[in-house]
Amino acid sequence: MMDINFEAQRCLLCVQAPCNAACPKDLHPARGLRALRFDNTENAGRWLTSACADCDAPCEKACVHTDFPIRIKELAQQVTTNHEQHPLDEVSQLPSLEIDFCGVHCENPFFLASSAVCTNYDMVARAFDWGWGGVVFKTIGTQAMKEVSPRFDESDHWSGFRNMEQISENTPEENFAILKRLKQNYPSKVIVASIMGQTEEEWMLLAQQAEQAGADMIELNFSCPQMRLANMGSDVGQNPELVAFYTGYVKHVVHIPVLAKMTPNITHISQPALAAYFANADGIAAINTIKSVTMSHQSMVNGKRTVSGYSGRAVKPISLRHIVELVTNPMLQKAQHTMEYSGIGGIETWRDALDYIQLGCANVQVCTAVMQYGYRLIEDLTLGLQTYMHEHHIAHVRDLVGSEISTFVHPSDLDRTTMVFPKFDHNQCVGCGRCYVACQDAGHQAIVFGENRQPKLIGTKCVGCHLCRLVCPQHAIDLAQRMPKKSCDKI
């Protein structure tokens, strides 16, 4: 049977997809492929239907590809056979994603993060037309920016993305005029002005101008890792005193909510976050990019390299760790009814966003995935989250916020009296021996690999680490039932 996810990953996500144009039944197969790509398998049946069964697949003949055409007809048959279909007329029955964040009503929790994806009016307007709930506009400052070229690099097929982008190159007057126009033309969307000053006077002036331009909120950029000027960006975010100082000044001169954006380039993220809280910040945004180095010759600037920011899927576990530290901090927990969190880092699918929401974020911001796939990503973010809520009988996004944080405990509080053995599915196993090699060279030598090329577990040696399950390319190893460790000798 075809691996649906692997096949969908081969799709180039074409603009004006030729497969759509070639479809005689107007089924929009490209949209179905995109649904599969972004973890919306159950919804792919809206566009890849049983009507594909008796088709000679002109979509495949039209497919733009790098190796061989996407097997659209076979995908459609498998999606139709293996997954419940949701007819298009059921979309209206899905729950609303509306949520209030820092007292501001949002049509959904998905915002564009302050970055290259939202630098002018036309870009943000297109994003709003696609369905994004809000934008944190690219950071506004008073300093003239001089950018380098090139300033982007990627690693391991976009699992990570490095950038040397600074704040907006527009003047404050130009940027605030854009924000004002956006708010006038899109009154239901949320406009967040990201600002960065170098002195208390600059921070206050920019904040006042943002409020006068109609911004719904202000995000204080205490975290940009690659500013060429001192005392800006993460230089501030690593100093709790400066965070409190500038947050307090801004809160003193505006009446709209204020978010403090945290840097991950610090040992204890709670320290600047607490400083922002004590200065009456309404929310915390976390995280900005992680300081990093990549070694691609093509990304060098006239033969030179520098340390700069890293984002993308690779940073998500690190960002989630920071969110957990913030949400579980005893002092910040006391502010749980007034302090809100906006999660940032590695969000590509609706499941990524759900992870942030379930850890306590009422809002999420997306950047790198948009840089790679475009604003259209919002369709699968919203549809996937709505479908999840519908299937789990959840009426409001707010009901999901923080729903999983109670599962986190200190390492000393984890159960160490039981274990779970790996369970082998020999029908699925192809006999590659990867589990054996991993267990032999990095585990407890608890797997025997025989002449029949079938792995066998030695229960008396197995400690239940599950390295074997993680390296299996066929997903032929699963979890057995958890049992007390004293029962292990019987296996």
Side-chain angles (χ1 to χ4, degrees), residues 1-10 36-42 78 82-83 155-160 312-321 324 346-352 354-356 358-359 384 388 391-392 404 406-491:
M1 183 177 293
M2 178 193 300
D3 185 329
I4 290 178
N5 293 326
F6 173 79
E7 192 68 11
Q9 287 292 327
R10 292 202 306 114
L36 292 173
R37 179 72 166 266
F38 295 110
D39 215 356
N40 259 320
T41 305
E42 291 184 351
Q78 196 163 326
N82 298 336
H83 300 278
S155 61
D156 194 20
H157 305 291
W158 277 81
S159 67
R313 298 192 308 274
V315 312
K316 179 189 163 190
I318 300 170
S319 180
L320 291 177
R321 163 238 168 174
V324 169
I347 297 172
E348 188 169 293
T349 73
W350 66 268
R351 289 187 189 274
D352 296 327
L354 179 63
D355 288 343
Y356 279 91
Q358 289 182 320
L359 289 184
Y388 175 87
E391 292 177 345
H392 290 80
E404 290 294 319
S406 62
T407 64
F408 281 82
V409 296
H410 291 291
S412 58
D413 295 329
L414 289 172
D415 176 19
R416 300 176 188 274
T417 64
T418 63
M419 67 176 285
V420 179
F421 283 99
K423 180 171 63 175
F424 295 81
D425 182 348
H426 292 291
N427 293 323
Q428 189 77 4
C429 175
V430 295
C432 69
R434 288 282 302 280
C435 59
Y436 169 75
V437 171
C439 190
Q440 284 292 109
D441 297 353
H444 287 73
Q445 301 77 53
I447 293 178
V448 175
F449 192 64
E451 294 181 358
N452 63 352
R453 304 194 65 82
Q454 291 289 301
K456 181 179 179 181
L457 186 71
I458 305 174
T460 53
K461 289 188 175 182
C462 180
V463 298
C465 72
H466 287 265
L467 176 61
C468 59
R469 175 173 59 86
L470 298 176
V471 302
C472 178
Q474 286 295 106
H475 308 292
I477 305 176
D478 204 348
L479 301 173
Q481 185 176 358
R482 180 174 291 276
M483 60 180 64
K485 284 187 176 180
K486 64 181 180 181
S487 302
C488 297
D489 295 336
K490 301 178 182 179
I491 298 300

Exercise. Heavy-atom distance under 4.5 Å between the side chains of Lys485 and Thr417, does that happen here?
Worked result: no
Exercise. Can you say whether the rings of Trp350 and Tyr388 are parallel (under 30°), tilted (30 to 60°) or perpendicular (over 60°)?
Worked result: tilted
Exercise. Could you state the interatomic distance from NE2 (His466) to NZ (Lys423), rounded to the nearest 0.5 Å?
Worked result: 11.0 Å
For this session: For residues Cys439 and Ala446, report the shortest heavy-atom separation together with the two atoms involved.
Result: SG-N, 3.1 Å
Problem set entry | Spacing of OG belonging to Ser159 relative to CD belonging to Glu348, to within rounding of 0.5 Å | 10.0 Å
Exercise. Are the side chains of Phe424 and Lys456 in touch, meaning some heavy atoms are under 4.5 Å apart?
Worked result: no
Exercise. Which value, rounded to the nearest 0.5 Å, describes the distance between Thr349 atom OG1 and Arg313 atom CZ?
Worked result: 10.0 Å
Exercise. To the nearest 0.5 Å, what is the distance between CD (Gln454) and CD1 (Ile447)?
Worked result: 12.0 Å
Problem set entry | CG on Asn5 to OG1 on Thr41, rounded to 0.5 Å | 5.5 Å
For this session: Compare every heavy atom of Thr418 with every heavy atom of Pro484, then report the nearest pair and how far apart it is.
Result: CA-CG2, 4.0 Å
For this session: Measure from the side-chain N and O atoms of Gln445 to the backbone N and O of Gly443, and report whether any donor-acceptor pair falls under 3.5 Å.
Result: yes
For this session: Answer yes or no: does atom NE2 of His426 have more than 12 heavy-atom neighbours from other residues, nucleotides or ligands under 6.0 Å?
Result: yes
Problem set entry | Sole residue of Ile347, Asp39, Leu320 in side chain to side chain contact (heavy atoms under 4.5 Å, CB included) with Asp352 | Ile347
Seminar exercise, completed: Nearest heavy-atom contact between Ala442 and Leu467 is CB-CD2, 3.8 Å
For this session: State whether the side chain of Gln78 and the backbone N or O of Met2 hold a donor-acceptor pair below 3.5 Å, judged by distance alone.
Result: yes
For this session: For residues Ile477 and Arg469, report the shortest heavy-atom separation together with the two atoms involved.
Result: O-CG, 3.2 Å
For this session: Indicate the atoms forming the closest heavy-atom contact of Ala476 with Cys429, along with that distance.
Result: CB-N, 3.8 Å
Exercise. Can you find a pair of side-chain heavy atoms, one from Tyr436 and one from Pro455, that are under 4.5 Å apart?
Worked result: no
For this session: Taking the side chain as every heavy atom from C-beta outward, state whether Asp425 and Gln474 have any atom pair closer than 4.5 Å.
Result: no
For this session: Heavy atoms only: give me the nearest Ala8-Leu36 pair and the separation to one decimal.
Result: CB-CB, 3.6 Å
Exercise. How many angstroms lie between OG1 in Thr407 and CG in Leu359, if you round to the nearest 0.5 Å?
Worked result: 7.5 Å
